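Quick caveat, the model's predicted, so the values are computed rather than measured.
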Amino acid sequence: FYYLVFSSAMIITFVYYIQHRESLRRQRLEEANERLTRSEEALHLLNSELEARVEARTRDLAAKNAELERAWEAAKQADVIKSQFLASMSHELRTPLNAILNFTEFVAMGMMGNVNERQKDALDKSLDSGRHLLALINDVLDITKIESGMLRLFVETAVDLSDVLETTQTTAQTLLKGKEVEFHSSIDTPIPIITADKRRIKQVLLNLISNACKFTEEGEISLRVHNEGDSLLVTVSDTGPGIKSEDFGRIFEPFQQTETGIQHTGGTGLGLAISKRLVEAHDGELWVESEVGRGSTFYFRIPHRPESLKQTLMAVER
Ligand code: ADP
């Protein structure tokens, strides 16, 4: 009997113990579940807050973007208006200036009656200044047209550069008169017949040569024209003051001059900017290599038959 009672008591205690442990475990589980539900809710809240914030930010950004786009459009419009204004102003200035130059030249030549030496000297100085002003106006007109995409090239398919190269050499010799600078040239013959705007290629050549002559006080200047496969490579080297490497990019931007450029009055800082863009319009490239104190070499390479000019020609034919 005792044994039975003891065994029953043991079994009851064991069952009670198990039940107690089970209820404790359930309680803990419930608590953990509750905690989990609470953190889930908090997470949910955080998520929706974040979503709201992202939405607000996106709206903000979209509004700012639209504002920027409007400002960009306005700036572009202002730029076009500026270019149109400059182009028409330059054009309007050129006409009377040409008349002034022509009449001054007639008077200086004695076509309107005799002029004495002093008067001729004064008239020649007026002519020089007038021509300089005309060159400036032409440069401004060119860069304005280029920057506003209004530049039209006069493309020919059978351009012979011989006379242009001859003019360039004569100009160099004239500009170097009175200076201790020798001029050399080395030109491959025959010069290939190319597709180009001849007047614009001449403009680039004259710009490079006149810069070399302007900045070089002693030593030599050389012009080289070489055929490189289906491209033409033109090189103008001088023994002038040279250009710092950090200025290599800047000098091709409009109105940018180095200290040397500023010291030589009469420049505008437009020549190289125009030349680079003209060469690029011929699918070519223009670049400089230079060392301060040793001189500069300007190169430009243009293909004999530029692809984009072919398209221009086709558009004109159509
Ligand atoms: P400009 O000659 O009217 O000043 P360019 O655009 O032709 O304008 O040249 C820009 C600048 O580049 C010049 O002012 C000068 O500082 C520099 N430069 C151009 N060519 C030479 C050169 N051959 N030697 C030294 N500096 C040069």
Side-chain angles (χ1 to χ4, degrees), residues 128-129 131-136 138-140 142-143 146 161 164-188 191 199-226 228 231-280 282 284-302:
D128 272 353
S129 300
R131 287 194 190 112
H132 183 211
L133 184 56
L134 186 63
L136 292 189
N138 283 339
D139 277 357
V140 171
D142 275 352
I143 197 77
I146 290 170
L161 289 177
V164 168
L165 290 165
E166 226 155 85
T167 312
T168 312
Q169 295 176 74
T170 318
T171 307
Q173 267 140 6
T174 314
L175 291 173
L176 290 175
K177 257 189 200 136
K179 278 191 179 183
E180 294 286 304
V181 182
E182 274 183 40
F183 178 76
H184 304 285
S185 60
S186 147
I187 297 169
D188 276 5
I191 303 165
R199 190 171 70 87
R200 296 302 189 174
I201 297 298
K202 180 176 174 183
Q203 183 178 351
V204 175
L205 264 164
L206 285 178
N207 177 247
L208 298 183
I209 280 288
S210 57
N211 273 351
C213 296
K214 181 165 68 173
F215 295 117
T216 309
E217 295 305 330
E218 55 182 22
E220 54 179 60
I221 291 175
S222 53
L223 166 71
R224 283 186 292 272
V225 182
H226 283 306
E228 274 194 341
S231 294
L232 198 66
L233 176 70
V234 179
T235 314
V236 177
S237 319
D238 65 53
T239 51
I243 301 163
K244 287 189 212 145
S245 55
E246 60 259 37
D247 286 331
F248 285 2
R250 196 163 72 84
I251 55 169
F252 294 107
E253 293 305 319
F255 302 107
Q256 294 293 327
Q257 297 176 295
T258 63
E259 274 159 38
T260 323
I262 296 165
Q263 277 158 19
H264 282 76
T265 48
T268 51
L270 283 174
L272 284 180
I274 295 171
S275 300
K276 187 166 174 33
R277 284 150 186 84
L278 287 178
V279 168
E280 283 167 359
H282 284 77
E285 48 184 347
L286 192 159
W287 72 99
V288 65
E289 280 171 13
S290 181
E291 211 179 304
V292 175
R294 305 201 64 151
S296 314
T297 304
F298 283 85
Y299 303 84
F300 77 87
R301 185 188 288 117
I302 45 168

Discussion item. Within the structure provided, determine whether Leu161 and Val225 are in side-chain contact (heavy-atom separation under 4.5 Å).
Written reply: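 With C-beta onward as the side chain, the pair stays apart.
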Worksheet item: Do Ser275 and Glu280 have side-chain heavy atoms sitting under 4.5 Å apart?
Response: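 The answer is no; the side chains never approach within 4.5 Å.
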Discussion item. Run the side-chain contact (heavy atoms from CB on, under 4.5 Å) test on Leu175 and Lys214 for me, step by step, so that the C-alpha distance in whole Å, both residues' side-chain angles and the decisive distance to 0.1 Å come before the verdict.
Written reply: CA-CA 8 Å; Leu175 291 173; Lys214 181 165 68 173; over 6 Å; no
Can you tell me how far [atom2] of [Y] sits from [atom1] of [X], rounded to the nearest 0.5 angstrom?
| X | Y | atom1 | atom2 | result |
| --- | --- | --- | --- | --- |
| Leu136 | Leu270 | CG | CG | 8.0 Å |
| Ile251 | Leu272 | CD1 | CG | 5.0 Å |
| Arg224 | Leu233 | CZ | CG | 9.0 Å |
| Glu166 | Thr171 | CD | OG1 | 11.0 Å |
| Lys276 | Asn207 | NZ | CG | 13.5 Å |
| Thr235 | Leu208 | OG1 | CG | 10.0 Å |

Discussion item. Going by side-chain hydrogen bond (donor to acceptor under 3.5 Å, both in side chains), name the pairs with one or both residues in residues 242-256, residues two or more places apart or in two chains.
Written reply: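 Listed by first then second residue: Asp247-Arg250, Arg250-Gln256.
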Do any side-chain atoms of residues 292-300 form donor-acceptor pairs under 3.5 angstrom with protein atoms, and if so which ones, sequence neighbours left out?
| from | atom 1 | to | atom 2 | distance (Å) |
| --- | --- | --- | --- | --- |
| Ser296 | OG | Ser290 | OG | 3.1 |
| Tyr299 | OH | Glu289 | OE1 | 3.0 |

Discussion item. Applying side-chain contact (heavy atoms from CB on, under 4.5 Å) to Ile274 and Val204, what does each step give before you reach the verdict?
Written reply: CA-CA 8 Å; Ile274 295 171; Val204 175; over 6 Å; no
Please name all residues satisfying side-chain contact (heavy atoms from CB on, under 4.5 Å) with [X], sequence neighbours left out, ordered by chain then number.
| X | result |
| --- | --- |
| Glu220 | Glu182, His184, Thr239 |
| Leu176 | Lys179, Val181, Phe183, Cys213, Ile221 |
| Ser129 | none |

Fill in: By ring pair (Phe, Tyr, Trp, His ring centres under 6.0 Å) - contacts of Phe215 (at least two apart)
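Partners of Phe215 by the ring pair (Phe, Tyr, Trp, His ring centres under 6.0 Å) criterion, ordered by chain and then number, come out as His264.
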Worksheet item: Nearest heavy-atom pair of Asp142 and Gln203: which atoms, and what distance?
Response: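 Closest approach of Asp142 to Gln203, heavy atoms only: OD2-NE2, 2.8 Å.
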Worksheet item: Minimum heavy-atom separation for Val279 to Glu285, with atom names?
Response: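 Closest approach of Val279 to Glu285, heavy atoms only: CG1-N, 3.3 Å.
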Discussion item. Looking at Glu218, is its backbone amide N or carbonyl O close enough to the side chain of Thr216 to form a donor-acceptor pair, meaning the two atoms are under 3.5 Å apart?
Written reply: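 Between the backbone of Glu218 and the side chain of Thr216 there is no qualifying donor-acceptor contact (under 3.5 Å).
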